[in-house]
Amino acid sequence: MILLRLRDRAVRLLPEGRLLPDAVWERRHRAIVRLCLTSAALLVLFAWLRGHGQPAAVAVLAAVAGPVALAGVPQLGRKGRAAATTLSLMAASAALVHLWAGVTEAHFVFFVMVGVVSLYQDWAPYGIALVVVTLHHGVVGTIYPHAVYSHDAVHDPWLWAGIHAAFVLAASIAHLAAWRLNEDQVLSDPLTGLANRTLLEEITHRLLARGGSVSLLFIDLDDFKAVNDSRGHAAGDELLLVLAERLRGCVRTGDVVARIGGDEFAVVVNGGADVARSVAERALVALSVPVPLADGMLTVHASIGVAGSSDSDRTSDALLRNADLAMYLAKAQGKNRLVVYADGMAEEASRRAAFAQDLAVAADSGQLEVHYQPTVRLADGRTTGFEALVRWNHPERGLVPPVEFVPLAEETGAITGIGRWVLREALRQGAAWMAETGAPLRMAVNLSPRQFQDGDVTADVVAALEETGFPAAQLTLEVTEGVLVRDVDSVVTQLDALRSLGIRIAIDDFGTGFSGLSYLRHLPADILKIDRSFVMDLPRGRSAATLITSIVELARTLGLDVVAEGVETEGQRRALAELDCGLAQGYLFARPEPAELAGRSLPRTVRVPAQPGAPAVEQVQADRTA
């Protein structure tokens with residue numbers, strides 16, 4: 001045990017550089033093997049020309065060509081095969097010294113061969129060369145001094161063996177220094193100075209080869225693209241520099257932080273999953289602290305995947321792949337969290353990828369449908385409108401709950417096309433119901449933050465209104481505070497344009513966000529929707545009643561309507577009515593249903609003229625093209 005500990009300590013003291021890619025190493029190795037065989041043939045010819053007999057030629061051939069046989073054995077690994085060719089080249093150098101009978105210039109070939117084995121970019125060949133030179137000049141120089149030396153060294157061969165070894169050591173150090181200096185320029189991230197992906201993989205490979213537990217953190221900043229889009233790439237780079245320093249402060253001595261992509265970092269941890277989890281938790285806290293930038297404070301979060309080495313697959317590729325999968329699941333679970341890799345996650349990721357592919361074509365293949373949940377006036381129980389909610393009938397899995405596919409659609413960007421389809425379908429159905437009943441009817445449609453980021457919401461809404469003939473004044477578009485994660489000015493501009501059509505804007509899930517009250521100053525709004533989490537505690541929850549009363553009073557002060565979500569009991573309905581909440585939705589009134597079922601509750605009244613909406617649409621179009 002002590003010897004192993006001493007060995008590990010000695011290995012850590014040796015200079016370490018990058019490991020060559022397998023293809024590059026193999027090419028260099030084949031070239032060196034050819035040089036070994038060529039050297040053997042030339043030395044045999046040189047021995048005959050110098051008048052040495054056949055035994056000497058055979059001895060030279062065996063000494064130089066013999067080790068080459070081991071150079072082709074894959075089981076020996078890189079170090080073993082490199083050691084074989086190094087022995088061959090050193091034997092060739094020693095043979096030349098003997099065959100040339102101590103000519104001083106013959107010793108120069110040792111330095112040439114040190115340069116050749118430096119192509120392996122590994123310290124092991126240097127060590128072999130040093131040992132061979134020392135033993136050859138000492139032992140053989142003592143037995144056959146005139147065959148090795150041609151001057152006074154014959155009287156003190158070990159002293160001169162040390163001198164020659166020192167020169168070889170100096171040559172080796174020079175090669176090692178050049179090797180490392182060159183690598184410093186290609187193995188670090190130019191922006192942050194952290195290790196890059198290549199160095200990360202090599203350090204991970206080296207730690208795994210030593211044995212013991214090794215873990216890896218894969219860190220991806222949440223919504224970093226929005227920072228570049230809204231504040232510019234200079235601010236993004238400034239942010240990355242600050243976060244890189246914070247990550248350095250979260251790790252222990254011996255752990256390595258790397259930047260492996262635009263907003264992706266990784267940390268290789270010399271320890272097990274528990275240690276890595278502690279590092280990841282510190283990183284989550286450190287990264288979430290607001291960052292002061294030139295144009296104001298900015299708060300970002302990260303999703304972190306953690307993976308540990310396993311006995312079945314101890315490779316850097318496996319560690320990186322597993323940590324990446326865990327990070328992907330952290331994103332899928334809501335971001336700003338860490339997930340530790342477990343067996344089965346790879347299969348889950350594969351299923352999720354297939355699920356995302358199915359979702360991408362769901363609208364075009366007719367698998368999506370819209371269900372409608374009524375909005376009820378608490379004063380008289382009358383249905384005043386509907387909220388359109390998308391459902392997915394998967395050909396194999398059947399009806400997929402929105403909680404499963406909507407976050408995936410957000411993540412992949414499919415939500416933009418789905419939202420556009422839902423908008424057209426809901427307005428078409430709303431126009432049909434209004435034609436049947438002859439009464440005005442409100443239709444509420446949700447807008448995703450991703451739709452503001454990836455498309456032109458105003459143009460989509462204008463097109464849908466024109467296509468379906470649905471009155472703009474009867475449309476409500478629901479947004480959450482998530483839209484402010486994007487470019488605030490752009491979002492507000494689009495919402496103002498929509499309101500100029502007569503469309504109403506509702507703030508969904510009001511009160512659940514960290515900035516619930518403050519973002520009312522930024523978002524143009526007409527309606528507040530009280531989140532179901534507050535309604536659940538009614539009628540007995542005093543704090544819930546106080547909060548809802550505050551929201552209702554706030555809305556009245558600002559001239560906004562209020563809709564309560566998630567009403568499931570008669571007690572909740574009565575409590576909301578007593579708190580002067582005007583409208584409500586929930587299972588107490590009706591579940592979301594397909595159009596043919598939802599429409600049955602609509603009253604059939606005398607037909608009234610459709611409300612004019614086209615002029616407003618035309619006006620916005622004119623403004624947009626001006």
Side-chain angles (χ1 to χ4, degrees), residues 184-200 203 216-253 255-269 279-306 320 323-324 327-328 330-331 334-338 410-411 413 449-450 452-454 481-493 513-515 518-519 521-523:
D184 287 342
Q185 300 176 20
V186 297
L187 295 180
S188 62
D189 176 57
L191 175 64
T192 63
L194 299 174
N196 63 12
R197 188 186 189 101
T198 301
L199 183 57
L200 174 81
I203 290 173
L216 193 135
L217 279 59
F218 197 110
I219 305 169
D220 186 272
L221 302 181
D222 297 333
D223 303 309
F224 181 75
K225 183 179 182 297
V227 177
N228 282 335
D229 291 345
S230 61
R231 301 205 180 195
H233 289 277
D237 289 348
E238 184 182 354
L239 176 64
L240 289 173
L241 285 169
V242 173
L243 299 183
E245 283 303 315
R246 290 184 183 178
L247 285 175
R248 282 193 180 104
C250 294
V251 303
R252 310 165 306 156
T253 302
D255 299 337
V256 177
V257 183
R259 181 183 176 216
I260 57 177
D263 61 342
E264 294 176 339
F265 296 86
V267 180
V268 59
V269 177
V279 174
E281 289 172 347
R282 290 198 298 271
L284 276 178
V285 173
L287 294 176
S288 65
V289 175
V291 178
L293 299 178
D295 57 350
M297 301 292 288
L298 181 64
T299 301
V300 296
H301 298 287
S303 300
I304 303 180
V306 179
L320 196 59
D324 189 13
M327 183 279 297
Y328 182 83
K331 291 275 190 188
K335 305 179 182 180
N336 189 27
R337 67 194 63 214
L338 70 90
E410 287 273 3
E411 182 182 335
R450 190 71 181 257
F452 287 91
Q453 176 187 355
D454 295 347
E481 66 172 304
V483 297
L484 294 181
V485 174
R486 316 299 174 187
D487 187 344
V488 176
D489 293 337
S490 173
V491 170
V492 170
T493 298
F514 69 91
S515 59
S518 64
Y519 71 71
R521 297 176 301 159
H522 303 288
L523 283 179

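Count residues from 1 along the sequence.
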Sub-4.5 Å side-chain heavy-atom contact between L200 and L194: no
CA sep, side-chain torsions, deciding dist, call: D263, K225, salt bridge (Lys or Arg N to Asp or Glu O under 4.0 Å): CA-CA 9 Å; D263 61 342; K225 183 179 182 297; over 6 Å; no
Side chain to side chain donor-acceptor pair (under 3.5 Å) contacts in which one or both residues fall within residues 232-247, not counting sequence neighbours: E245-R248
Shortest non-hydrogen separation from I304 to A280 and the atoms involved: CD1-O, 3.6 Å
Residues which pass salt bridge (Lys or Arg N to Asp or Glu O under 4.0 Å) with D324, listed by chain and number, not counting sequence neighbours: none
D222 CG to K331 NZ distance, which is reported to the nearest 0.5 Å: 4.0 Å
Atom pair CG/CD1 of N196 and I260 - distance to nearest 0.5 Å: 10.5 Å
Which atom of A302 lies closest to which atom of L284, heavy atoms considered: O-CD2, 3.3 Å
Euclidean distance, M327 CE relative to R337 CZ, rounded to 0.5 Å: 14.0 Å
Spatial distance of atom CZ (F265) from atom CG (L287) [nearest 0.5 Å]: 8.0 Å
L216 side chain reached by L320 side chain, heavy atoms, under 4.5 Å: yes
Spacing of L338 atom CG and L217 atom CG [to the nearest 0.5 Å]: 8.0 Å
Pair S303, D220: side-chain N/O donor-acceptor within cut-off below 3.5 Å: no
For V257, the option from V251, D189, T192 that meets side-chain contact (heavy atoms from CB on, under 4.5 Å): V251
Heavy-atom pair of closest approach, residues V279 and C250: CG1-O, 3.9 Å
Contact summary for D454 and G413, nearest pair of heavy atoms: OD2-CA, 4.4 Å
Value rounded to 0.5 Å, distance of CG in L293 from CG in L239: 6.0 Å
Where A195 and V256 come nearest, the two heavy atoms and their spacing: CB-CG1, 4.1 Å
Test log, rule side chain to side chain contact (heavy atoms under 4.5 Å, CB included), inputs V269 and R252: CA-CA 8 Å; V269 177; R252 310 165 306 156; 3.4 Å; yes
